[in-house]
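Reviewing the structure listed below.
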Amino acid sequence: MKCGRCGREFDFSKQDYCGYCKTVHNKNGEPVRDIKGILCYITGKFGADILLDRRRTEALAADFFPKEEAVRRLIFVTLYDGTARKLMSVREKPFEVKCAAAARCVKSLRDEIGLKGRIAAAAVEAVGAALGCGISFKKPENLPASETESKKNVTDAAEQYSLGRHFDRIHDYEKALYWFESAAMQDYGEAQYYVGVYRLEGRGGIRDVEQSREWFIRGAENGVAQSEYMVGYFYAEGIACAIDEDKAFDCFVRAAKKGCSDAANIVALCYENGVHTKKNPELARKWRKIEKTPEAAFVDDIYEDPKQAPNLPDPDIISESAMDEGEELYQSARRCLAEKDAEGAAMFYKRAAETGHARAQCSYGKCLYTGSGTEKDFAEAFRWFKKAADQNLNIAQYNLAVMYLKGVYVPKDTEEAKKWFRLAAENGHEDAEKILKKLK
């Protein structure tokens, strides 16, 4: 066999490693250099229990894989955090329980140890594979947004989720699912809810009800009200699980207390009709109040001690109505810029500007001024800068001052330029303050 590392020939029938560079190979003749391959190799020789002894595992990895120092350090950190012990304890449990445990391990490695989400997920997957847990965070090889991802190198879960929301709004479901999955695998709760929805409805590709339920469970564990509601719905209808009215009702109540109006409606219906719980007209009326006006004052009526009542937040972050339309459009424009889509950015900036969003007005003015994503139009640029400047946006005031100073669209007017530079400086624009000093 030819070594996949140094290129020299060795007899695989006598030994599974190259005699020259000591690189271990698998049965397919591929060099074993990644964390999953190394851990599976060690457990294959010494049994899965060996991973519970991290120092012994580290010593074996050093013996068999002397040149893979970086991977060995990752193995030590992962086992040091107790990942093997946590996954070993759920090895015989249902798949959703194993997934939940794996998500907690990823979160611990990311938040407590400081590993990046992608690295933490790969490490947990490797330990799971070596233990025979059947946990996999692997995504399809042909990803619709892989080129974009490589260009932008977006690794932050919140940013990935935001990109998913952008593509969801413009109905590009394949790309939306890609970004939601990227964030969900880093244990980002809201993204896990969306992956659950996409898998349930078959958006972006495959419909898989069992996977949908697993993602909703993981989202619920991260405190997402809508995920909690969907878990209850699955229990109530017996979707991908046995019907369990008690668990369904508990999920609905927890989601309702977190501010999910759909869950509050279901809880009220349950008390009105005696479904999943005993009839209680008085509690039904109180939950109806919460459904219509989700304020903590109504929740206080349900608890004997008002201090124990949870504060209901503003409408759920996942809801479209929870965010201002202008801000939504403005963020869509920013996502387009991240995707190098200047025309899309200009279109969304314009729509956001028309709602009165000051920063969008300024940004759309800049698009018109520079011809980015649209034709140059200094008159329109001036008009949008002026609208934003009238809302006291310092960068728009600075842009107006520049147009007066250079005489772009308007006659040169140093005094008018000074006026706008002064306003921008008073609002915290540092460059405006510097230019004012020079103009004096």
Side-chain angles (χ1 to χ4, degrees), residues 90 93-111 117 120-121 124-125 135-137 139 156-165 167-168 173 176-237 239-241 244 247-264 266-267 310 312-320 322-323:
V90 299
K93 301 286 185 180
F95 184 66
E96 60 266 22
V97 176
K98 290 188 284 189
C99 282
R104 287 193 292 271
C105 291
V106 171
K107 185 177 177 66
S108 175
L109 288 170
R110 189 188 68 219
D111 298 343
V124 172
E125 178 188 352
I135 295 167
S136 177
F137 296 118
K139 291 176 283 191
D156 180 70
E159 185 68 10
Q160 291 169 341
Y161 168 70
S162 185
L163 279 165
R165 294 279 285 135
F167 286 115
D168 180 68
Y173 295 130
L177 178 59
Y178 169 70
W179 289 112
F180 284 142
E181 282 187 332
S182 299
M185 288 176 184
Q186 295 193 57
D187 209 29
Y188 197 84
E190 286 80 7
Q192 290 168 341
Y193 165 75
Y194 268 95
V195 175
V197 171
Y198 269 52
R199 286 286 179 244
L200 180 62
E201 298 179 355
R203 286 192 215 173
I206 303 169
R207 184 174 187 270
D208 191 320
V209 177
E210 290 186 0
Q211 279 192 23
S212 172
R213 179 172 177 269
E214 289 154 13
W215 283 112
F216 285 138
I217 289 172
R218 290 170 68 173
E221 289 177 343
N222 282 310
V224 178
Q226 288 285 0
S227 287
E228 193 86 61
Y229 168 71
M230 290 304 299
V231 173
Y233 172 73
F234 274 55
Y235 276 124
E237 299 294 328
I239 301 173
C241 64
D244 192 321
K247 287 184 179 179
F249 185 70
D250 287 344
C251 289
F252 291 144
V253 171
R254 285 196 296 269
K257 288 176 182 176
K258 291 174 185 173
C260 177
S261 58
D262 290 334
I266 290 291
V267 173
L312 287 181
D314 292 330
D316 197 273
I317 189 172
I318 295 168
S319 172
E320 289 284 345
M323 297 182 69

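All values below were derived from every heavy atom in this structure, side-chain atoms included, with hydrogens, water molecules and symmetry-related copies excluded.
Nearest heavy atom pair, residue Val224 against residue Gly189, reads CG2-C, 3.4 Å.
Between the CZ atom in Arg213 and the CZ atom in Arg218 there is a gap of 13.5 Å [rounded to 0.5 Å].
Remark: Tyr229 pairs with Phe252 by the ring-ring contact (aromatic ring centres under 6.0 Å, His included) rule, at least two apart or across chains. Not counting sequence neighbours, the partners of Phe216 by the ring-ring contact (aromatic ring centres under 6.0 Å, His included) test are Tyr193, Phe234.
Aromatic ring orientation, Tyr161 versus Phe180: tilted (interplanar angle from 30° to 60°).
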Step-by-step side chain to side chain contact (heavy atoms under 4.5 Å, CB included) determination, Gln192 to Asp187 = CA-CA 7 Å; Gln192 290 168 341; Asp187 209 29; 3.0 Å; yes

Would Lys247 and Val231 count as a side chain to side chain contact (heavy atoms under 4.5 Å, CB included) if you check the C-alpha gap in whole Å, the side-chain angles of each, and the deciding distance to 0.1 Å?
-> CA-CA 9 Å; Lys247 287 184 179 179; Val231 173; over 6 Å; no

Run the numbers on Val267 and Phe249 for side chain to side chain contact (heavy atoms under 4.5 Å, CB included), then give the verdict.
-> CA-CA 7 Å; Val267 173; Phe249 185 70; 4.3 Å; yes

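Summarising the local packing, OH of Tyr233 is surrounded by 12 or fewer heavy atoms from other residues, nucleotides or ligands at distances under 6.0 Å.
A donor-acceptor distance shorter than 3.5 angstrom exists from the side chain of Gln160 to the backbone of Ala183, with no hydrogens or angles considered. Although no hydrogens or angles enter the test, the distance criterion places a donor-acceptor pair under 3.5 Å between the side chain of Ser182 and the main chain of Tyr178.
Sequence neighbours left out, the pairs with a member in residues 193-203 that pass salt bridge (Lys or Arg N to Asp or Glu O under 4.0 Å) are Asp168-Arg203, Glu181-Arg199, Glu201-Arg203.
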